[in-house]
Visitor: 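Below is a structure I'd like to ask you about.
Order of listing sets the numbers, starting from 1, for every ligand and every atom in it. When reading the values below, keep in mind they use all heavy atoms of this one structure, side chains included, and skip hydrogens, waters and symmetry mates. Along the sequence shown, residues carry numbers from 1.
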Amino acid sequence: MQTILELKNIGYSYHSLHGETRALTNISFGVQEGEFIAIVGPSGCGKSTLLSIIAGLLSPEQGTIVFNNPDGSLAYPRIGYMLQRDHLFEWRTVYKNVILGLEINHMMTPGRLETVERLLTDYGLEKFRDKRPSELSGGMKQRAALIRTLALDPQLLLLDEPFSALDYQTRLFVSADICRLIRAAGKTMVIITHDLSEAISLADRVIILSNRPATVKAEMPIHLTLKDDSPLASRNAPEFQQYFNQLWEDLNNDG
Ligand code: ADP
C-alpha cells in the first residue's frame, strides 16, 4: 500500500509576548492510503497542533511533510476536517448545510450535487433534508456533518475529537457508525481521541504521544480478530484488553 503522507521530524512552538510554548518536537510517522490512524496523548500535549499542521493550517517550524498524491502531483491533498461539534447552522436546512462546503468553494457541479443526493439517501437523511439541525438526533447530525465533509471528496479526513460532545452511549454507536461509513467511502483518516477504547476499536494503528512538547512515544498496530464485524463488536475481541493495557502503560510510563 502507498504511503500518502509522511511527517519527518516535525517541530512547532507557539510564540507570544510571554515567551515560547514548545508544542511538538521531532514527530515522524507515515500514513498509508486507506489507513485509519488514531492519535492519543495527554491533554494539552499538542495533538490539535499536530492535526493543524497536517491540515496545512500551521506551517511546521522544523521538519517536513511529504504528500504522495496518487497522480504524482505535488499539490496539497484535499483535506476534510471534522471538529468536536458538528457545526451545523440552525438557520439552514439539513440540505443547505450539507452543500455548504460546495457553495463556499464554488463547486456546485452536477456531479458533486449527485454525490450529495446519493449520500443523503445512503445515510438515511433524505427524509430530513428540509428539517433544521435541531430536529435531528446526535447521530444524524454527525452523519450530516460527514456528508458535508465528503461532498468535497477529500483525500484525507482529519477528525479532532469528533464525538466528544455526545453522551457515552450515543458516542459508542455514532463513532462506530461514522467510521464504518468513512471506511466504506475508502478514505484515509487521522483521528484524535482521548478515549483509548475508541482508538483501539476504530484504528488500524495508534500513535501515542508524550507530554508536551509531544513526540512519538510508541506506535501500536491493531489487529483485532473481530475487526471485520464492527467497531462495537471489536471491543469484545480477545486481544482488546491486552491492547488497552499496553496503551495505558505506554501513555503513563515516563521513559
Ligand atoms: P491538545 O490538542 O493535545 O490538547 P494543543 O495542540 O491544543 O494540545 O496545545 C498544545 C499546547 O500548545 C498547549 O500547552 C496549549 O496551551 C498551547 N497552545 C495551543 N494553541 C496555542 C496558541 N494559539 N497560542 C499559544 N499557545 C497555544
Visitor: Parallel under 30°, tilted from 30 to 60°, perpendicular over 60°: which one fits the rings of F244 and W248?
Guide: parallel
Visitor: Of all the non-hydrogen atoms in the protein, which one sits nearest to atom 19 (C) of ligand 1, and at what distance?
Guide: Y14 CE1, 3.4 Å
Visitor: How about CZ on F173, more than 12 heavy atoms from neighbouring residues, nucleotides or ligands closer than 6.0 Å, or not?
Guide: no
Visitor: When you measure from atom 7 (O) of ligand 1 to every protein heavy atom, which one gives the shortest distance, and what is it?
Guide: S48 CB, 3.8 Å
Visitor: Would you check the N or O atoms of R212, main chain and side chain alike, for any that come under 3.5 Å of an N or O of ligand 1?
Guide: yes
Visitor: Check whether any N or O atom of K47, backbone or side chain, sits under 3.5 Å from an N or O atom of ligand 1, and answer yes or no.
Guide: yes
Visitor: If the test is side chain to side chain donor-acceptor pair (under 3.5 Å), which one of D204, T3, T188 qualifies with Q32?
Guide: T3
Visitor: Among all protein heavy atoms in this structure, tell me which lies nearest to atom 8 (O) of ligand 1, with the distance rounded to 0.1 Å.
Guide: G46 N, 3.2 Å
Visitor: Verify the distance criterion only: is there a donor paired with an acceptor across the side chains of N9 and S28 at less than 3.5 Å?
Guide: yes
Visitor: Answer yes or no for atom 16 (O) of ligand 1: protein heavy atom present at a distance under 4.0 Å?
Guide: no
Visitor: Decide whether S13 and E20 meet the rule of one side-chain donor and one side-chain acceptor closer than 3.5 Å.
Guide: yes
Visitor: Distance to 0.1 Å, residue and atom name: give those for the protein heavy atom nearest to atom 10 (C) of ligand 1.
Guide: G44 O, 3.4 Å
Visitor: Name the closest protein heavy atom to atom 9 (O) of ligand 1, giving the residue it belongs to and the distance to 0.1 Å.
Guide: T49 OG1, 3.8 Å
Visitor: Looking only at side-chain N and O atoms, does Y12 offer a donor or acceptor that is under 3.5 Å from a partner on S52?
Guide: no
